[in-house]
S.K.: 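Sharing a structure here in structure tokens format.
Not measured: the values here are computed from a predicted model.
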Amino acid sequence: MSSENGAPRDGGDGTDGGAEGAPPEQLALIRETVRRADVPRAKPRTWRGAALAKDLPVARVLVDKGVLHLDRYFDYAVPEEMDADAQPGVRVRVRFGAGRGRVREGRREGGGLIDGYLVERRAESDYAGPLAALAQVVSPEPVLSEELLGLARAVADRYAGSLADVLQLAVPPRSARAERRPSPEPLPAPSAPGAGSWTRYEHGGAFLDALAAGGAPRAVWSALPGPQWSDELARAVAATLASGRGALVVVPDGRAAARVDAALTALLGEGRHALLTADAGPEKRYAQWLAVRRGAVRAVVGTRAAMFAPVRDLGLVAIWDDGDDSHSEQHAPQPHARDVLLLRAALDRCAFLLGGWSCTVEAAQLVESGWARPLVAGREEVRRAAPLVRTVGDEDLARDEAARAARLPTLAWQAVREGLRHGPVLVQVPRRGYVPRMACDRCRAPARCRHCAGPLEARDAGALTCGWCGREEAAWHCPECGGFRLRAQVVGARRTAEELGRAFPAVPVRTSGREHVLDTVPGTPALVVSTPGAEPVAEGGYAAALLLDGWAMLGRPDLRAGEDALRRWIAAGALVRPQGEHGTVVVVAEPTLRPVQALVRWDPVGHAVRELAERAELGFPPVSRMAAVSGTGEAVAEFLGAAQLPQDAEVLGPVPVPPTLPGRPRRPGAPPPGEHWERALVRVPPGSGSALAAALKTAQAARMARGAGEAVRVRIDPPDIG
DNA sequence: AGCACGCCGACT
DNA sequence: GTCGGCGTGCTC
């Protein structure tokens, strides 16, 4: 088939990489140019070269370039010597490049060598032109299964991203050494575990039974406070393994992964599950991933990268604490682990378990829509497991001037002092070092920049500066109530630790925060000061927890502020002993606020349900779907003008994007330092989400293909709206 | 994105 | 006649 081409054949097999001398290359080039001029273009099937595979000589290849207009397959010819290795799913290298390519030694060469995946072997190509040959099969390991490809495509579609970008997240980089190492022999399926503490939940036992029987139940699980959750997750995994299927658990961080890992080891012993986290080096990670792909290991627990783990015959996908923002992938197209697992559950028809101490609006929606069933404990069980929650609100603070000056109200003092008699006391303080944000002293509305609405911060003595645009504010007054006095809204962990240390000189003070995260603390009296998410687990549980500056958390100008605050409070409270053992939580926040009430009643689900109703009314996600389009004003306008948005799409804005300040990290969707960007939100009602994603993807592809100058960033489900 | 192709004007 | 400007379009 290569002969009909008629391209000159002049020695040298001309495979890539050889450093041939210049003269023959130029000769060939000239000859080719001359030929082109006088020979009419008959379309040959392939370019001449080595003999091709006799059976299925065409390889359909996905080139590994994240650019959207290349988001399709390209056909290559399979040389005979690669026939055996060039199976679907393997990594390949191909020549891919511009124009009609260079000609060298009589063989056409596209551009440079780039990586790709062989997706399919076929008898013929539907491409009319001549096919280039595969340059190399990188390894015979079929890393991209049909299931994984289908999942990656679904994720790319959902997020208006390219398949190659998703595959970069889904398939780890190759390590030849890890590939050579044989994976362990698979162990036989274990027998079904007992229900353990699942009996505390109304349908807990039934859920495990369904998993063990090979069923595909879908549940939103409101976990009771306390340390049992990791064992409960492990039992769900074990029940799935008992049915002969695989299971996947995604958790927000390495600490949580380690807990589930330990629980699985306790329940199943070694060798039945893999731990996939960022901690391991690339080679070890790839080896683990391969063991999963090869079916040697049937269960996986890991952080968000594990959401794509190629578990064989998947029976259960589970996610813990889906409200944690580390479940959002940082790289394009920024998929969320919850949504990826939802797609997997749908594609693989497997069981789905979303669990947490708290409840997101998205989780509530899964229940509300009837897609998942609630897995909850009765009120009696909740009361038995949860600590007593007390609030310190404005009125208390007003009556308590002295304590307020010291930032610790009397009730809080008492709770800490009492708690320290019985064990460790957790003090949760918001992040952010010493830089205090400011709020109106009278009505507590956050103080905002009048130019860009960014948060005002007190940098150094007295001077107020905007945290977004850096402008100074000389004459602030509150636009809500007309007040003129400001107060510090957030004080960092270190200062609080110092204050408390002085107040209780006999007690050790430990801090856990971004830099030094403590895993556990002993059950002896100590003050443990921590930022949200970094709380160590206390042996035997904390005697008390003090949640400071609660209204500061609620003051964030974010749709999720309430849900987030509640989630963090509940996460701290879940580490405290039950109220039957005198476990107490004191939250310094207005008791009339909805999240505070939900904390007092320990009712995160009720909170999420009410939030969901409100979002539906306002047309906010997740009830409607949104996408953010950002870039220069001109580029955004042009993009939106060209995009064929669905009929029911609604464009909000554009509004200016806060600039990236020099020296601060640039977040995706933020302008390069010094540039002025705008952001428009596009909103569609339920049901039009995929149409919106498709339209944005098409528009973006067209834009890139045109080589349009200024970049436009598209993000589905932007996390920071409102 | 690259990168080659091609059509047009200046120079040998 | 030939070299090389950049505008356009393709990449199996």
Side-chain angles (χ1 to χ4, degrees), chain A residues 1-2 4-5 7 14-16 25-26 28-50 52-53 56-79 82 86 88 90-104 107-138 161-165 168 332-333 631 635 639 642 672 697-714:
Chain A
M1 46 187 65
S2 48
E4 56 217 44
N5 165 10
T15 36
D16 48 280
E25 184 176 343
Q26 276 175 7
L29 216 157
I30 292 160
R31 241 183 343 226
E32 176 70 2
T33 315
V34 171
R35 282 199 53 80
R36 284 246 177 80
D38 52 326
V39 170
R41 289 267 180 87
K43 289 290 188 183
R45 296 270 337 276
T46 52
W47 292 89
R48 79 176 37 249
L52 298 185
L56 305 177
V58 175
R60 191 145 272 193
V61 170
L62 175 78
V63 295
D64 194 8
K65 267 191 150 192
V67 228
L68 271 181
H69 54 283
L70 295 180
D71 205 23
R72 58 203 167 97
Y73 300 134
F74 291 87
D75 286 347
Y76 285 82
V78 181
M82 297 183 195
V90 300
R91 303 181 206 251
V92 293
R93 311 199 79 199
V94 293
R95 294 234 167 247
F96 189 83
R100 234 139 287 174
R102 289 180 299 272
V103 170
R104 173 183 207 185
R107 293 189 46 160
R108 179 176 169 283
E109 289 182 358
L113 277 177
I114 68 168
D115 294 321
Y117 298 93
L118 199 164
V119 161
E120 192 191 349
R121 286 282 296 267
R122 330 181 87 216
E124 323 190 296
S125 170
D126 41 24
Y127 178 64
L131 298 185
L134 295 176
Q136 187 193 350
V137 173
V138 176
S162 75
L163 194 50
D165 274 349
Q168 205 139 50
F639 179 89
K697 189 166 168 169
T698 308
Q700 185 74 303
R703 192 178 168 78
M704 301 299 281
R706 231 178 323 122
E710 288 156 352
V712 167
R713 297 199 66 119
V714 172

S.K.: Checking A:Asp75 now: which residues fulfil side chain to side chain contact (heavy atoms under 4.5 Å, CB included) with it, not counting sequence neighbours?
M.R.: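 By the side chain to side chain contact (heavy atoms under 4.5 Å, CB included) rule, A:Asp75 matches A:Val58, A:Arg60, A:Ser125, A:Asp126, A:Leu131.
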S.K.: Would you give the length of the straight line joining atom CG of A:Leu134 to atom CZ of A:Arg93, rounded to the nearest 0.5 angstrom?
M.R.: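 Spacing of CG (A:Leu134) from CZ (A:Arg93) equals 12.5 Å.
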S.K.: Measure from the ring centre of A:Phe74 to the centre of the six-membered ring in the base of C:dC12, then say whether that distance is under 5.5 Å and the planes meet at under 30°.
M.R.: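 So no, this residue does not stack on that base, at least one cut-off failing.
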S.K.: With rounding to the nearest 0.5 Å, note down the distance linking CD in A:Glu120 to CG in A:Leu62.
M.R.: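 Here the rounded value is 12.5 Å.
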S.K.: Please state how far atom CG in A:Leu52 lies from atom P in C:dC12, giving the value in whole angstrom units.
M.R.: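 These atoms are roughly 16 Å apart.
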S.K.: Does A:Ala332 have any side chain to side chain contact (heavy atoms under 4.5 Å, CB included) partners at least two apart in sequence or in another chain, and if so, which?
M.R.: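 Side chain to side chain contact (heavy atoms under 4.5 Å, CB included) list for A:Ala332, sorted by chain: A:Asp165.
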S.K.: Given atom CG of A:Leu131 and atom C1' of C:dC12, what is their separation to the nearest angstrom?
M.R.: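 After rounding, the reported distance stands at 6 Å.
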S.K.: Could you tell me how far apart A:Gln700 (CD) and B:dA1 (P) are, to the nearest whole angstrom?
M.R.: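 Rounded to the whole Å, the gap is 10 Å.
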S.K.: Using whole Å, what does the distance between atom P of nucleotide C:dC12 and atom CZ of A:Arg72 come to?
M.R.: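 Spelled out: CZ on A:Arg72 to P on C:dC12 is 10 Å.
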S.K.: What is the separation between atom OH on A:Tyr73 and atom P on C:dT11, rounded to the nearest whole Å?
M.R.: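 Result: 18 Å.
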S.K.: Can you check the A:Asp115 CG to C:dC12 C1' distance for me, whole Å?
M.R.: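 Checked: the CG to C1' distance equals 17 Å.
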S.K.: Tell me: CD1 of A:Ile114 to P of B:dC3, nearest whole Å?
M.R.: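 A:Ile114 atom CD1 is separated from B:dC3 atom P by 12 Å.
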